[in-house]
Amino acid sequence: MFAYAASLLAQVTLEPFNRPAIDWHAVAPELVLLAAGALITIIDLVGLERVRKLMPTLTSFAFLAALIPVLTLWSQEDELPRSLFDGAYVVDRYSLVLKGLFLLTGYVIALLSTNYMSEGDYYDSEFYQLIAASILGMLVMSSSRDLISIFVALELISIPAYLMAAWRKRDLRSNEAGLKYMLMGVFASAILLYGMSLLYGLAGSTKLVDIAAALSIGESKPLITLAIVFSVIGFGFKVSAVPFHTWAPDTYEGAPTPLTAFLAVASKAAGFVALMNVVIVAFPGQSDVVEPLMAVLAGVTMTVGNLIALRQTNLVRMLAYSGVAQAGYIMAPLAVYGTNVDRVPSAMVTYLVIYAAMNLGAFAVVIIAARKTGSAEISSYGGMFGYAPGLTLAMTMFLFSLAGIPPAGGWWAKFELFRVLTDGNRYLGIMLAIVLAVNSVIAAVYYLNITRQMWFLPTPDGDTSRIVTPPALQVALALTLLVTIVSGILPGLVSDISGSLQLALP
Amino acid sequence: MEQSFLADYGITLMVFLPLVGAAIMMMVPGKNEEAHKTIALATTVITGIIGGWMVVDFYRLGSAKWSELSYLIDRPWINIINARYTVAVDGISVPLIALTLLVVPLVIVYSWNHIPQPGNTKAFLMLTLVLHTGMLGSFVAQDLVLFFVFFEVVLLPMYFMIGVWGGENRLYAAIKFFLFTLFGSALMLVSFLALYWVTGGTTFNMVGLAEAVQSNDVKLSTQVLIFAGMFLGFGIKVPMFPFHTWLPDAHTQAPTQGSVILAAVLLKLGTYGFIRIAIQILPEASIKWAPWIGLLAVIGIIYGALGCLAQTDMKRLIAFSSVAHMGYVMLGIATMTDFGLNAAIFGMVAHGLITGLLFFVAGSIKERYHTLEIKRLGGLLISAPRMGWILGLATMASLGLPGLAGFWGEFPAILAAYSPQEGISVGLFRVYMVVAAIGTVLAAGYLLWLLQRTAFGRPSEEFENDPAITDVVPTEWIAWVPLLALIVLLGFVPGLIFDMTDGPVTVLTDALAAAGK
């Protein structure tokens, strides 16, 4: 028996495994973050309570350290795009901009969490490790051009987020937030996997370029359509597009606020990156299916999101629904990618960059204000101008930016969307541009309502003591405010970086 | 040397100095009110000196240069859409810039002891300075995207000024003001983008677009549609009937300073936009729209006048009179003639000075009487004779008495309607002319009636021996005398403005005449 097995083994001639050549520089950001994350975990295990206070700082450093290889890669522009693993993993300017965005977002999230976590008596070390893991998934996502790595990245992003959403252990709402998010997320993953398996069945490969080639000669249109619809729906959950948005408000409200900021900005952006990668690289010839789907999703998402946001009385819920609406805006360029594919990535990335700054800023204000009022009810912001003029001014800037009113950055982000949509004079694009314009006015109403509370109305409980802003939150506020204002006054600076991005084909 | 400093930095410095002042104020703690007033005043005075230097220098360039863009600064701004930081002035914008440079310091002087409730001098004056930058920027911008940004920047401080320092009903007025203007400017932006694409997507420069529209042979129907978007954006700002409903609310609720700036400068952004952008870039569409503009203008004149007659509140009455006066300005523009456009620009400046002064006086009356209800006022000439005379002079100027500035805005506009530009129905405009002339009679009616009920007669019993009712105080004198002097000066020497505007206006009307044929 044993001899038989041995003889069988002897018959198998093992191909010697040849490790594919790896461009170590190209994957350096991911490796640095991985190493730093592991190091933080070890330090935590060894140091226990003594190092607890250091965790946020160390995590911030990890993000900034990972930013260095991103910059060195950017500086060697001649060697871009760098393609690894037979084209499954591509480092180009597009992915570098996104990696920079994700790392900086991670940095701001760490700053936002510092006081929230240490004062709230949470398990804080693990929280930072999970954030780092999730951001690592986003870095991978930016470069993935393969179904497998996209799926792995997506799960690496999501699973830590499920845990963190339920971080406030003894809080019923937080438990609800985590459970709801996880159930919905797993459901979405299942749908996405089904779509991916159909794509694999059609193409016989998981690489996006191969899928594109196979789909362009494929005859079975119904099957292709089904595969596309399922994969798009899978990502639709991640970016909280209507009608797959129902998890967002409850999760946002129940989760710890820094995590809500994380979900609203980073996690959503990662969903869009996945959507862009798949749609632009894998479905270039399928615009007849994807464009109408995207147009309907975008139009419905922005309208429903805005209309429900109008009725919110809790600022975090309002930001959640406004985030749903913003997802509709960001998605809009994909409705015209068939003709304007050159402009779509830049418009979407520009929006994501400015959106990250203004939305993180708004959440920073929510966190700071909650330190005094202990509430995120919109009415609790009454009269803030009287006792916290600086904070009020900052929040006003963020809200006007979200509403798209100059000189705050949001106007340029929206301008870029309009430019893509109206270019080429396409019926679909112009209709969507009009829907977007009308939605901007609707959205202005509820953003203005907050400024109305802060500037015009009296303080509800008469407590006009000063708000103390701890240093970490000050830095976060200053950073986001700076980006929001500068990108509005000198949009050229943003467009120099995110202006002419292409998804490099391997 | 002088020349090159002005040419290289003059406009940029003038536009952004107020922002620098606001930034400095941000550093100073809010308790130190005197410091804030001083910084704000110093900033606007320095801005005024630089701007005034430019205005004088521009005047000395001589009439040949007045129709050209001077002190042009042209730098790359947003390369990806070919939007540039292009600023310059010409004979059309200089009078309005001068008006802005004058009014804002006066408002700050007036604020010295008239900070409206609920106080907070620091924030109030900072907003005024931001407003200053936005207004100056709108008048010098030669690029549509740049203009749009400045045009929107104006919106925010005014929204807060009304909402925080306004009257009883300020929340409603502030939101209404904001949403109306936002709606208009959203459509305006869509028009700008459409213009950009139909001309090939190469430039947002106003002059460049005007040439591109001609050379690309843009279809008239497209032009007319694009004009419609601008029409809404600017028409709401002016405001023209039927988009005027935000104005009486905003004016009545705004603090005095806000009303003055709103009336003196902000409304002009709309009419200026018509001349500078809509007419300059789309002359053919302008001719097509002229009858409609004229119609809404004369409706505005009559409606505003009738509205005035129905008012019981002095401030609201002045606000409605603005609707009527801007109607004359728009009528002048609608004729699309040299005469009419010159009158329109003069009318903007004159209305700015006169209505600004009226709002100042109304604010001071309100402060003394704690009411502006016309019924309860009376006998101002007895209780505060100097203020009564100033009110008298301002109302006389407002109703268009010859010898005062108001006359030169109204009379030529009506006259111009007698023979509008080629391609526009003469008969229709003669009807407009008659209606507008009736409007002047109504204007005399409501203004004299206002004067009679507030200034003449004896003070009512409740205010007869009220010690709070004092005559004009020094800060008021400083704020009002320049306005009074200019109203009289421009009344006697209207050429100061007409000479300057005529050159650039002729360039516009040549294009309009060509388009009308």
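Computed from a predicted model, the values in this text were never measured in an experiment. A, B, ... follow the sequence lines: proteins, then strands. Residue 1 opens every chain.
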B/Val145 vs A/Trp411 side-chain heavy atoms within contact, under 4.5 Å |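 In short, these two side chains touch, coming nearer than 4.5 Å.
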
B/Phe178 and A/Thr451, any side-chain heavy atoms less than 4.5 Å apart |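 No, every pair of side-chain atoms sits at 4.5 Å or beyond.
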
A/Leu448 CG to B/Leu179 CG distance, which is reported to the nearest 0.5 Å =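 CG of B/Leu179 is found 6.0 Å from CG of A/Leu448.
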
Can you tell me how far the CH2 atom of A/Trp455 sits from the CZ atom of B/Arg170, to the nearest 0.5 Å?
->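 So the gap between those two atoms works out to 13.5 Å.
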
Portion of [X] that has a non-hydrogen atom of chain B nearer than 4.5 angstrom:
| X | result |
| --- | --- |
| A/Pro407 | both |
| A/Leu457 | side chain |
| A/Thr396 | side chain |

Select, from A/Gly488, A/Gly492, A/Gly386, the one with the greatest count of heavy-atom pairs under 4.5 Å involving chain B.
->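 Most heavy-atom pairs within the cutoff with chain B belong to A/Gly492.
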
Quick one: which of A/Ile489, A/Val494, A/Leu493 has the most heavy-atom pairs under 4.5 Å with chain B, could you say?
->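 Of the candidates given, the most pairs with chain B belong to A/Ile489.
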
Option in [options] with maximal non-hydrogen atom pairs under 4.5 Å from chain A:
| options | answer |
| --- | --- |
| B/Phe148, B/Tyr159, B/Phe183, B/Trp165 | B/Tyr159 |
| B/Asn120, B/Val198, B/Leu182, B/Leu171 | B/Leu171 |
| B/Leu193, B/Leu189, B/Leu156 | B/Leu156 |

Check the surroundings of atom OH in B/Tyr85: do more than 12 heavy atoms from other residues, nucleotides or ligands lie under 6.0 Å from it?
->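 Check passes, neighbour count above 12.
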
Counting only heavy atoms not in B/Tyr9, do more than 12 fall under 6.0 Å of its OH?
->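 No.
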
With a 6.0 Å cut-off on ring centres, are B/Tyr196 and A/Phe415 close enough?
->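 Ring centroids of B/Tyr196 and A/Phe415 are no less than 6.0 Å from each other.
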
Contact summary for A/Glu416 and B/Ile81, nearest pair of heavy atoms =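 The answer is OE1-CG2, 4.3 Å.
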
Write down the atom of A/Leu393, the atom of B/Met26, and the distance for their closest heavy-atom approach.
->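 Closest approach of A/Leu393 to B/Met26, heavy atoms only: CD2-CE, 3.6 Å.
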
Heavy-atom contact with chain A under 4.5 Å, split by part of B/Trp77 |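 For B/Trp77, the contact with chain A is made by backbone and side chain together.
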
Given that the side chain runs from C-beta out, which part of B/Ala194 has a heavy atom under 4.5 Å from chain A: side chain, backbone, both or neither?
->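 It is neither, since no heavy atom gets under 4.5 Å.
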
